[in-house]
Amino acid sequence: MINNSDKIINGKLSADNFLIKVLKKVEDFENLYERPPCLAVIIVGNDPASKIYVKKKIKTAKKINIKSIEIQLPKDITEADLLKQIDKLNYSENVDGILVQLPLPKHIFTENVINTITPLKDVDGFHPINFGNLCLGNDSIVPCTPLGCLYLLKNEVKNLSGFNVTIVGRSNIVGKPMQALLIKENCTVTLAHSKTKSLREITKKADILISAIGKPEYITSEYIKPNSIIIDVGINRIVEKEKNKLVGDVKFEEVYQLVKKITPVPGGVGPMTIACLMYNTVKASFIRKQKEFRESLF
Ligand code: GUN
């Protein structure tokens with residue numbers, strides 16, 4: 001593994017710096033309203049990866065004085081009972097943000113869950129009202145992973161206007177909101193996906209390539225424009241030499257030689273996603289109280 005190179009985008013360091021600014025906002029909120037912002041996290045079932053992610057979210061919240069409530073529900077809970085739990089949180093005066101960890105068990109319709117969270121407390125930014133506002137270019141709560149990617153990109157390139165960006169992956173969590181965010185930044189955006197023909201020909205033209213396909217080390221040097229910036233959103237668990245290992249969508253060791261900048265996995269986008277969840281929680285807290293939040297952090 002290549003370390004300490006100026007080619008590597010250090011997501012952990014960026015997230016730590018960003019969280020210092022979010023902490024200031026947490027303190028402002030607490031001074032005004034005599035309580036910390038509060039995030040409720042619901043986890044359904046025992047998926048090990050989801051449990052790890054939720055633990056990281058709660059730990060980070062604690063670090064910057066955001067109160068968190070973890071609600072563990074059994075994997076066979078009915079959809080109706082889950083929606084009732086969400087509605088209780090919707091009406092709770094002291095809960096500012098609600099997150100339901102995905103994926104959910106197959107018998108629960110994710111869309112119903114997302115639509116039940118009030119848009120004011122939707123810290124994931126997945127509700128159609130928040131996503132609609134993002135697509136319209138209005139202020140909204142923006143999904144955490146794309147927001148984290150944008151933060152990392154803006155650290156590298158002050159003005160993204162006119163850049164050719166290719167996103168690989170059209171998920172509602174990453175690809176689609178990432179496209180909307182980058183259009184707002186005046187980028188020319190191509191959204192490629194599993195049915196895209198001649199993917200390599202497209203990605204090779206990208207000044208910035210964002211991969212969110214969930215295929216371990218799929219993006220090799222043949223997909224890359226030399227001197228481009230690579231944001232690897234993939235977090236894939238593989239077994240190598242009988243050991244569990246986390247790798248991205250990008251074949252890091254090979255692609256690294258060619259590019260201007262690249263995010264590693266782990267330590268790239270992941271920490272920024274969690275930092276942006278904290279940002280969204282504080283933003284939601286202020287919006288509920290005063291319907292205003294000054295976006296001085298971006
Ligand atoms: N599962 C994977 N990523 C996410 C995310 O950003 N939010 C939620 N709620 N679940 C996820």
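For the single chain, residues carry numbers from 1 onward in sequence order. When reading the values below, keep in mind they use all heavy atoms of this one structure, side chains included, and skip hydrogens, waters and symmetry mates. In listed order, ligands and their atoms are each counted from 1.
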Task: Flag for N65-E27: side-chain donor and acceptor within less than 3.5 Å - done: no
Open item on the list: Donor-acceptor check, side chain of K55 to backbone of S50, threshold 3.5 angstrom: yes or no?
Closed with: no
- [ ] Could you pull out all residues at least two apart from Y33 that satisfy ring pair (Phe, Tyr, Trp, His ring centres under 6.0 Å)?
- [x] F29
Would you tabulate the polar-atom pairs, meaning N/O of ligand 1 against N/O of the protein, with distances under 3.5 Å, reported to 0.1 Å?
from: ligand 1; atom 1: 1 (N); to: Q101; atom 2: NE2; distance (Å): 3.4
from: ligand 1; atom 1: 1 (N); to: L102; atom 2: O; distance (Å): 2.9
from: ligand 1; atom 1: 7 (N); to: D124; atom 2: OD1; distance (Å): 3.0
from: ligand 1; atom 1: 7 (N); to: D124; atom 2: OD2; distance (Å): 3.4
from: ligand 1; atom 1: 9 (N); to: V100; atom 2: O; distance (Å): 2.8
from: ligand 1; atom 1: 9 (N); to: D124; atom 2: OD2; distance (Å): 2.6
from: ligand 1; atom 1: 10 (N); to: L102; atom 2: N; distance (Å): 3.0

TODO: Please determine, by modelled atom types, if T166 and T203 share a side-chain donor-acceptor pair under 3.5 angstrom.
DONE: no
Task: Modelled atom types, side-chain donor and acceptor of N133 and D139, under 3.5 Å - done: no
Open item on the list: Is the distance from the ring center of F126 to that of F131 below 6.0 Å?
Closed with: no
